[in-house]
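Have a look at the structure below before the remarks.
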2 protein chains.
Amino acid sequence: MIMAADPEMKLLGLWCSPYSRRVEIALSLKGLAYDYIEEDIQNKSPELLKYNPVHHKVPVLVRDGKPIAESLVILEYIDEMWNDQKPAILPQQPYERATARFWARFIDDKCLPSILKAFWGPENEQEIAEKEARLNLKTLEKELEGKKFFGGASIGYLDIVANFIAYWLDAIQKAAGKEILTKEAFPLLFKWKQDFIACKVVKENLPPWERLVAYYQIRIEAAKASKR
Amino acid sequence: MIMAADPEMKLLGLWCSPYSRRVEIALSLKGLAYDYIEEDIQNKSPELLKYNPVHHKVPVLVRDGKPIAESLVILEYIDEMWNDQKPAILPQQPYERATARFWARFIDDKCLPSILKAFWGPENEQEIAEKEARLNLKTLEKELEGKKFFGGASIGYLDIVANFIAYWLDAIQKAAGKEILTKEAFPLLFKWKQDFIACKVVKENLPPWERLVAYYQIRIEAAKASKR
């Protein structure tokens, strides 16, 4: 059930940003309505510069004129602000919450940078980055043992944070013609990815597949051209 | 009041680590007793490798055999686990909590790296890093306007996270003979630093001054020698 629009809630986002899409999934999970404002990252709006003067980055959630930036921070805010609305996003117990936060940082600080470097890093560093990416994904995959989702029986905070691995990585792999996350090497992550994307609330908040692949094809061509 | 030791709580720490000291301050604030285990960072203990297999870094808080790593994650855990014990570490309201988390990441992802680079980065990059460090500190300083502490009238989460800026930076400045955080350039941060260090719970959980300065003198000499 989508509630009546909070007259003062808006999200500054970008269609192809996994960080921005995390927030969209969380808002949908809680059944919250909001105004969505698409940013042009080549030509940032005065609003983005005003509401995120430190990083100038999406996503920014603005409620009653007060901005919150950084996707992980926004996810916690949404869960706390609407904590009486099910489902909960973070786990309920302190130890499980701590574990989820630890792995969320692992995804943002280790997994994503190593994956991006494997595709866009200096050519002579891509192979090492790819190895590192595989190691990181293997480390993360262990967290799925015995569970359907990172959050347990249904998706939660860590699943949302891992959205890049479930969808964007596939689009990049297709655009680049190079595979890291295969069914053979990462059976649990591969299964998780399919289950995650099959969730209604996730599916409705993913960028269109063909457009995303085309976007990455252009980025990969541009990177190659700049190295010529 | 220090409570009876939790028989199963221990902290793997390092005397000179600001991250490790953050946790000590938080545990002291809550009046919690624990066993402290000093790590030898040149020769990491099997316990550290077991309890933080991903990063092999201090601090790690272990309770009932279950480890929690990463200082920011541990601070939130302590506040949630003992949320009925005053004082609260994080603010109570969702928006204020989000703001504190945002600035905590700013300190760890922007301020600290730029400061460390200004002292230990490649020589031809130190000047730019120093400028960046000043800009970052100026941005952070604005958060102190009209407040004694980042947390308001008394210290909280963000003050604890900023402990490096209050104490370690001074020791580094003294060891290196180069100043970034001066009273003239950063009047609010300078005043905050003095107030923060004067707090009993902080004072009791800081590394000895002379030892810390000597430690950094050795590190600075070593960095110089490696460049000769």
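Proteins come first, then strands; the chains are lettered A, B, ... in the order of their sequence lines, and each starts at number 1.
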Take a 6.0 Å sphere around [atom1] of [X] and say whether it holds more than 12 heavy atoms from other residues, nucleotides or ligands.
X        : atom1 : value
A:Ile128 : CD1   : no
A:Lys193 : NZ    : yes
B:Lys131 : NZ    : no
B:Lys50  : NZ    : no
B:Glu38  : CD    : yes

Checklist entry - Highest number of heavy-atom pairs under 4.5 Å with chain B: which of A:Met81, A:Arg97, A:Lys66, A:Glu76? => result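 It is A:Lys66.
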Checklist entry - Shortest non-hydrogen contact from B:Val73 to A:Phe102? => result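 The answer is CG2-N, 4.0 Å.
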Item to check | B:Asp79 portion near chain A, given a 4.5 angstrom heavy-atom threshold | outcome: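 Neither part.
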Checklist entry - Which bit of A:Pro67 comes within less than 4.5 Å of chain B, counting heavy atoms only: side chain, backbone, both or neither? => result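 Backbone plus side chain of A:Pro67, per the 4.5 Å heavy-atom cut-off to chain B.
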Item to check | Any side-chain heavy-atom pair of B:Trp103 and A:Val54 under 4.5 Å | outcome: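 Contact flag for B:Trp103/A:Val54 side chains = yes.
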Next on the checklist: Quick check for you: among B:Arg105, B:Glu70, B:Lys110, B:His55, which has the greatest number of heavy-atom pairs under 4.5 Å with chain A?
Outcome noted: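 Of the candidates given, the most pairs with chain A belong to B:Arg105.
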Item to check | Salt-bridge present (A:Arg101, B:Glu80; N to O < 4.0 Å) | outcome: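 Salt bridge present between A:Arg101 and B:Glu80.
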